[in-house]
Amino acid sequence: MKDSLGDIDGRDLRLSDQYKHVLDVTEVSYCEDTRSYKARFKRVIENCSEVPLQKVFATLLMCSIPTDIQLARKHYRRNPISLENLKFRVWDGNGRSLKTCVIDCEPYLLELIIFLEDTNTGECYSLDQGEQGTIEYQVEVPDSVWGPLSLRHVRWHCDEVQVKLDFPSGLVSLQGESLGVDERWKSFDPPLSRKVGRSHLWKDLGQPIKSYTERGRDFFEWNTTTATQGAFYRFSWVFSDDRYEKFVEDIRRREEMPPLMSKSASREHMRANSKDFIERGAVHASPDYRSIFWFGEWYYFTPVQARCVDLLWRNWEAGLSGLGGDFLLEEAESTSSKLSAVFRRNEAWKKGVIFSPQRGVYSLRVPGDLEQGGLEKNELMTPVCLPKRDIVNR
């Protein structure tokens, strides 16, 4: 689950500097009997402006299958979340139930405005400059709705961030990672399960996760007082049994999708296929990647495009699934802000040879009927030879 109080997609830019989080606490508890999570979020907020603060924003994002985002989205299309089935409750530091309004929703995402208004009495109040207030909200969901991952995005300035998780003793092993932010990454929203761009962007949390066992439960606690505004903190856990794997395969069968390979097996499969395609002449690239032959057709590229294609080709040849768009633009020394602008008029882009399997990630697409099984041994491909047009272009 990802949660935050903050500016939502720039809907109200005036609020972006209006308040800060003095304390940001996330508490997650797992119940083995019901196989469900109870998550409680506490935000101590201080108004930093002269304008009275009367509302805050919140986001609830669920991901039951962080290892396969596409499958998770199919699952949520059949089982969309709502405030009702999340058992959502929100209250302030005095225990008053607060008014909530859903301003945008998707099957797996809810964007909310929380008003400083008592739902029982209708009384409205506000925080003046320098005043602090507490807002807490809670959800209760089965593990078919929320998977083994919690992603905390520090959208606004925060004096202290705390994360507390507890599970039945011996049930899970837990790890944490962080993604720091600089001018380049302020608006970047990484997917839940994979490394983004260069793998070294994700690093250790900085502060160790404290753990202890008490009354038959394992407790994990982490906090920092040096959180960078815009940073991500990701906590993931692995169950000691195969409950998660069984759940994923059950959903996969319902969606009639092929079994999920392990990461190492999938990579070896893709690498073997790419090697077979190259050896049998199904694909070929010129030394400078200004032209490539790709399953029966030639495609041509400008120097900047060719530097991107060079990286994508090597990534595909190694059996990997894609590269981040920002990484490609930087390595190609492009002045464009988006990869689509670099390839806008190129046939390889128009025909989907260069495509995005997930937001912000790009790869070379193998035709669907060849992706799983490679080439048949008796299948003949067009002989590889550079046409005159390619020689002229180079």
Side-chain angles (χ1 to χ4, degrees), residues 1-9 12 15-29 37-49 53-63 86 88-95 98 100 109-116 127 130-139 146 149-166 174 176-181 185-190 192 202-210 219-237:
M1 173 186 291
K2 168 180 155 187
D3 67 282
S4 65
L5 296 176
D7 180 32
I8 301 297
D9 296 335
D12 195 338
L15 284 178
S16 60
D17 297 318
Q18 188 173 351
Y19 64 88
K20 72 172 184 177
H21 292 168
V22 178
L23 179 63
D24 181 325
V25 182
T26 300
E27 298 180 345
V28 179
S29 180
Y37 294 95
K38 177 183 288 187
R40 184 172 177 174
F41 309 99
K42 178 180 179 181
R43 311 289 183 249
V44 179
I45 295 170
E46 179 180 328
N47 186 0
C48 301
S49 74
L53 180 65
Q54 298 177 320
K55 62 183 177 180
V56 295
F57 290 107
T59 302
L60 296 174
L61 171 64
M62 299 290 167
C63 187
L86 295 181
F88 179 82
R89 296 195 303 113
V90 58
W91 61 95
D92 65 9
N94 295 317
L98 299 179
T100 304
L109 172 71
L110 295 176
E111 293 181 348
L112 316 172
I113 296 178
I114 299 174
F115 295 94
L116 302 185
L127 298 178
E131 285 189 333
Q132 295 183 3
T134 300
I135 291 180
E136 298 185 57
Y137 54 98
Q138 176 180 293
V139 298
W146 182 6
L149 181 139
S150 179
L151 180 68
R152 182 72 188 98
H153 183 188
V154 183
R155 290 182 180 268
W156 289 357
H157 173 79
C158 185
D159 292 343
E160 182 177 2
V161 178
Q162 296 181 6
V163 177
K164 303 176 182 180
L165 307 102
D166 68 272
L174 182 137
E177 296 175 289
S178 67
L179 175 60
V181 175
W185 299 103
K186 273 188 176 179
S187 61
F188 195 67
D189 190 1
L192 301 179
W202 285 103
K203 58 185 180 181
D204 292 338
L205 288 169
Q207 301 294 332
I209 300 176
K210 300 177 182 178
F219 293 84
F220 303 91
E221 297 182 355
W222 176 86
N223 76 292
T224 180
T225 56
T226 59
T228 306
Q229 186 175 357
F232 293 85
Y233 299 100
R234 180 172 65 184
F235 300 86
S236 57
W237 47 94

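Other residues, nucleotides and ligands contribute more than 12 heavy atoms inside 6.0 Å of the NZ atom of Lys20.
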Q: Would you sort out whether Ser49 and Asn47 count as a side-chain hydrogen bond (donor to acceptor under 3.5 Å, both in side chains), showing the intermediate values?
A: CA-CA 6 Å; Ser49 74; Asn47 186 0; 3.2 Å; yes
**Q.** Test side-chain contact (heavy atoms from CB on, under 4.5 Å) applied to Val56 and Ile45, step by step
**A.** CA-CA 9 Å; Val56 295; Ile45 295 170; 3.7 Å; yes
Q.
Quick one, Val139 with Tyr37, criterion side-chain contact (heavy atoms from CB on, under 4.5 Å). Give me CA distance, side-chain angles, the key distance, then yes/no.
A. CA-CA 8 Å; Val139 298; Tyr37 294 95; over 6 Å; no
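How far CD1 of Ile135 is from NZ of Lys55: 13.0 Å, rounded to the nearest 0.5 Å. Note that OG of Ser178 and CG of Leu205 are 5.5 Å apart. Values are rounded to the nearest 0.5 Å. Expressed to the nearest 0.5 Å, how far CG of Leu61 lies from CD of Glu111 amounts to 9.5 Å. In this structure, the separation between CG on Leu151 and OH on Tyr233 is 11.5 Å, given to the nearest 0.5 Å. We find the CG-NZ distance between Asn223 and Lys210 to be 6.0 Å, quoted to the nearest 0.5 Å. Between the NE2 atom of His153 and the OG1 atom of Thr59 there is a distance of 10.0 Å, given to the nearest 0.5 Å.
In this structure Thr100 satisfies the side-chain contact (heavy atoms from CB on, under 4.5 Å) test together with Leu83, Phe88, Val90, Leu112, Ile114, sequence neighbours excluded. For Gln132, the side-chain hydrogen bond (donor to acceptor under 3.5 Å, both in side chains) partners at least two apart in sequence or on another chain are Glu46. Here Glu136 pairs with Arg40 under the salt bridge (Lys or Arg N to Asp or Glu O under 4.0 Å) rule; sequence neighbours left out.
In this structure, Gly176 and Ile209 approach most closely via the heavy-atom pair N-CD1, 4.0 Å. Listed here is the closest heavy atom pair of Ala58 and Tyr137: CB-OH, 4.1 Å. Shown here for Leu23 and Val25, the closest heavy-atom pair between the two residues is CG-CG2, 3.6 Å. The heavy-atom pair separating Leu53 from Leu116 by the smallest distance is O-CD1, 3.3 Å. Here the closest heavy-atom approach between residue Ala39 and residue Trp146 is recorded as CB-CZ3, 3.4 Å.
Inter-residue side-chain proximity for Phe220 and Phe235 is flagged as unmet; no heavy-atom pair is nearer than 4.5 Å.
Among the candidates Lys164, Gln162, Lys42, Arg43, the single residue satisfying the side-chain contact (heavy atoms from CB on, under 4.5 Å) test with Thr26 is Arg43.
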